[in-house]
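Read through the structure below, which is laid out as structure tokens, and then see the notes.
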Protein chains: 2
Amino acid sequence: MTPRQNRQRDRAGRGIPEATVARLPVYLRALTGLQERGVATVSSEELAAAAGVNSAKLRKDLSHLGSYGTRGVGYEVEYLVYQISRELGLTQDWVVAIIGVGNLGRALAGYGGFASRGFRVAGLLDADESIVGQEIAGMTVQHIDRLEDIIAGHGVSIAVIATPAGAAQGVCDRVVAAGVTSVLNFAPVVLSVPDGVDVRKVDLSIELQILAFHEQRKAGGPDGLASLAAGDAPPGAKQYVETVEA
Amino acid sequence: MTPRQNRQRDRAGRGIPEATVARLPVYLRALTGLQERGVATVSSEELAAAAGVNSAKLRKDLSHLGSYGTRGVGYEVEYLVYQISRELGLTQDWVVAIIGVGNLGRALAGYGGFASRGFRVAGLLDADESIVGQEIAGMTVQHIDRLEDIIAGHGVSIAVIATPAGAAQGVCDRVVAAGVTSVLNFAPVVLSVPDGVDVRKVDLSIELQILAFHEQRKAGGPDGLASLAAGDAPPGAKQYVETVEA
DNA sequence: ATGCCTTTGTGAATACGCGCACAAAGTGAC
DNA sequence: GTCACTTTGTGCGCGTATTCACAAAGGCAT
């Protein structure tokens with residue numbers, strides 16, 4: 001962390017911990033749910049339960065935005081929705097392009113959670129000639145050649161990459177060169193980008209693998225029958241595959 | 001403490017940090033990539049670069065699995081692939097059911113990353129009569145009424161929930177009652193489950209919101225024109241919306 | 001106004017994760 | 001065998017995150 005960021009840390013609005021930022025959207029969702037049900041105020045205990053976190057953590061998170069609660073009462077739902085939205089930058093629209101219109105790209109194009117949070121999809125792009133021209137979620141798929149035009153023309157600042165793994169880095173380089181400074185990557189590769197560009201990754205199979213790890217643990221862990229034979233074999237022992245399958 | 005004692009403690013003691021577990025799939029992917037290119041050994045520096053992490057962190061992560069490297073040489077790719085796979089529980093098959101066959105469910109059903117890692121999809125289920133019976137990714141969509149049959153019949157241990165938000169908790173309760181102990185949730189709700197059941201969440205719009213936060217920061221942060229008027233207004237000030245739009 | 005009750009905001013303690021830097025361990029040349 | 005070189009495995013310090021626990025603050029009844 002730079003000294004500059006450090007200096008601003010005490011003041012609400014800057015220096016919000018990354019862990020807190022990651023939870024704000026969860027709080028926001030819980031709050032909009034309460035709002036729709038006509039709830040006017042909520043205590044940290046109730047909101048924390050709805051968001052699935054510890055109430056002290058919730059209060060500390062919110063305290064980073066400022067003192068928006070009333071002791072003895074709780075938080076005003078509508079006001080908190082506004083403050084969190086503002087902090088997250090959702091009081092303005094963000095223009096998004098989706099590159100790669102396979103199964104996942106289609107799902108993303110039709111995903112309601114984007115539009116409802118101020119994310120406007122400016123274009124769907126693909127390299128496959130048989131997909132270009134198709135109408136998906138009310139939009140016509142455009143050829144990847146038009147990438148730079150669309151980014152510049154619509155002021156796209158966030159690119160969603162849903163291409164095959166092999167194409168992702170190339171696409172990423174192009175969108176960054178065209179001025180995009182935030183990338184949401186669904187392709188199973190590690191993207192490298194210059195400083196100043198943010199990348200977030202969503203990998204469906206990684207989440208499943210983490211679940212498998214814990215699932216295995218519940219069932220007795222990896223040190224079962226197999227590892228007695230193979231687990232402590234020294235590096236260079238080539239027969240481990242056969243051993244575990246024997 | 002000797003390295004050997006240390007290894008026994010970690011391997012026997014389930015001491016693998018959650019942060020490490022979350023990175024193992026990334027290492028595994030990088031390693032299989034190297035394997036396909038015929039690379040036999042790799043140094044922590046090279047592998048770390050491929051995985052996008054610090055090399056010391058990589059070495060520490062791998063040390064939790066045991067001492068599988070050779071000083072002065074590096075790690076044997078094939079052996080490491082096997083050890084990580086074993087630790088993650090990927091040397092056995094996991095049976096998965098996908099509930100909710102909307103856009104996202106379809107994308108998941110066709111996602112290659114599942115099958116290639118030992119995750120077998122035993123069924124696609126939906127409540128919508130017009131979807132039931134459709135053929136998707138080589139499977140016939142079944143009615144949600146058959147949920148319990150399918151879970152018991154195929155030994156499903158992991159459920160993937162891709163339903164609308166409103167249906168997710170109900171589906172979750174049913175799959176848990178039917179014996180599922182791991183849930184991957186794509187619905188934008190916080191699921192509550194009994195102890196012993198793991199839930200992981202993937203939320204597409206949360207990732208975008210986090211990007212928006214950083215994007216806004218690059219552009220000057222939320223403390224711009226608006227917040228000078230409204231940002232520090234006390235709770236109870238009702239005119240904040242008008243203020244920010246004025 | 002006073003006192004009781006509720007709930008926030010936060011200091012303090014603890015746990016966790018990260019990365020530097022280096023000793024230990026292994027390889028290969030001669 | 002010995003020496004130079006490479007790379008692992010990890011001790012250590014530092015910063016961040018989480019949780020507890022409580023004083024301070026506000027509401028409300030009387």
Side-chain angles (χ1 to χ4, degrees), chain A residues 1-3 5-7 9-12 14-24 26-27 39-77 79-80 83 234-236, chain B residues 1-11 13-24 26-27 39-77 79-80 83 232 234-237:
Chain A
M1 175 167 297
T2 69
Q5 285 172 319
N6 220 343
R7 200 184 65 206
R9 182 141 259 244
D10 325 281
R11 303 300 302 156
R14 292 297 175 92
I16 298 181
E18 197 52 38
T20 295
V21 172
R23 283 187 293 267
L24 290 179
V26 180
Y27 304 154
V39 177
T41 60
V42 66
S43 72
S44 65
E45 205 69 55
E46 294 165 325
L47 182 54
V53 302
N54 177 292
S55 68
K57 182 153 65 180
L58 169 68
R59 288 196 298 276
K60 190 156 285 188
D61 283 342
L62 294 183
S63 78
H64 286 115
L65 314 191
S67 287
Y68 296 140
T70 305
R71 296 174 191 229
V73 176
Y75 299 88
E76 190 192 345
V77 172
Y79 189 56
L80 202 49
Q83 288 299 344
Chain B
M1 178 182 299
T2 70
R4 173 154 201 94
Q5 285 172 318
N6 210 349
R7 177 164 100 192
Q8 296 292 358
R9 185 203 60 202
D10 279 342
R11 299 201 59 254
R14 311 285 193 267
I16 301 185
E18 197 53 36
T20 294
V21 172
R23 283 187 294 266
L24 289 179
V26 180
Y27 303 155
V39 177
T41 60
V42 66
S43 72
S44 64
E45 204 69 54
E46 293 164 326
L47 183 53
V53 302
N54 176 291
S55 69
K57 182 154 66 179
L58 169 68
R59 289 195 299 276
K60 192 161 288 185
D61 283 342
L62 294 182
S63 78
H64 287 115
L65 314 190
S67 288
Y68 296 139
T70 305
R71 294 172 192 229
V73 176
Y75 300 88
E76 191 191 344
V77 172
Y79 188 55
L80 202 49
Q83 289 298 345
D232 289 337

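Values below: all heavy atoms of this structure, side chains included; hydrogens, waters and symmetry mates excluded.
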* **Donor-acceptor pair present, B:Arg71 side chain and D:dT7 base, under 3.5 Å** => no
* Roughly how far apart are B:Thr41 OG1 and B:Leu47 CG, rounded to 0.5 Å? -> 11.5 Å
* **5′-ward residue of the pair A:Gly72/A:Asp61 relative to DNA chain D** => A:Asp61
* What is the distance from CG of A:Leu65 to P of C:dT10, rounded to the nearest Å? -> 12 Å
* To do: Examine D:dC20: is either OP1 or OP2 under 4.0 Å from a nitrogen or oxygen in the side chain of A:Asn54? Give yes or no.
  => yes
* Check whether the side chain of B:Lys60 and the base of C:dG19 form a donor-acceptor pair under 3.5 Å. => yes
* **Beyond-backbone contact of B:Tyr75 with B:Arg59, side-chain heavy atoms, under 4.5 angstrom** => yes
* Structure fact -> Closest of D:dT8, C:dT27, D:dA17 to the B:Arg59 side chain is D:dT8
* Among D:dC20, D:dG26, D:dT7, find the nucleotide with the atom closest to the side chain of B:Ser43. => D:dT7
* Separation of B:His64 atom NE2 from D:dG9 atom C1', in whole Å? -> 11 Å
* Asked: Which nucleotide sits closest to the side chain of B:Lys57: D:dT19, C:dG19, D:dA17?
  -> C:dG19
* Straight-line distance of A:Thr20 OG1 to A:Leu65 CG, nearest 0.5 Å -> 8.0 Å
* Asked: Looking at side-chain heavy atoms only, is the closest gap between A:Leu62 and A:Tyr68 below 4.5 Å?
  -> no
* Structure fact -> The reported gap from OG in B:Ser44 to CG in B:Asp61 (rounded to nearest 0.5 angstrom) is 11.5 Å
* To do: With heavy atoms under 4.0 Å as the rule, sort B:Ala56 into base, sugar-phosphate or nothing.
  => base
* To do: Can you tell me the distance, in whole Å, between the CD atom of B:Glu45 and the P atom of C:dC20?
  => 10 Å
* Can you find a side chain N or O atom of B:Ser44 that sits less than 4.0 Å from OP1 or OP2 on D:dT8? -> yes
* **Nucleotide D:dT7, atom C1' - distance to OH of B:Tyr68 in whole Å** => 19 Å
* Asked: Rounded to the Å, how far apart are A:Arg23 CZ and D:dT19 C1'?
  -> 12 Å
* **Rounded distance (Å) that lies between atom P of D:dA17 and atom CD1 of A:Ile16** => 12 Å
* Asked: Between A:Glu18 (CD) and D:dT16 (C1'), how many Å, whole number?
  -> 12 Å
* To do: Output yes when at least one side-chain N/O atom of A:Tyr75 is less than 4.0 Å from OP1 or OP2 of C:dT6, else no.
  => no
* Please state how far atom CD in B:Glu76 lies from atom P in D:dT7, giving the value in whole angstrom units. => 17 Å
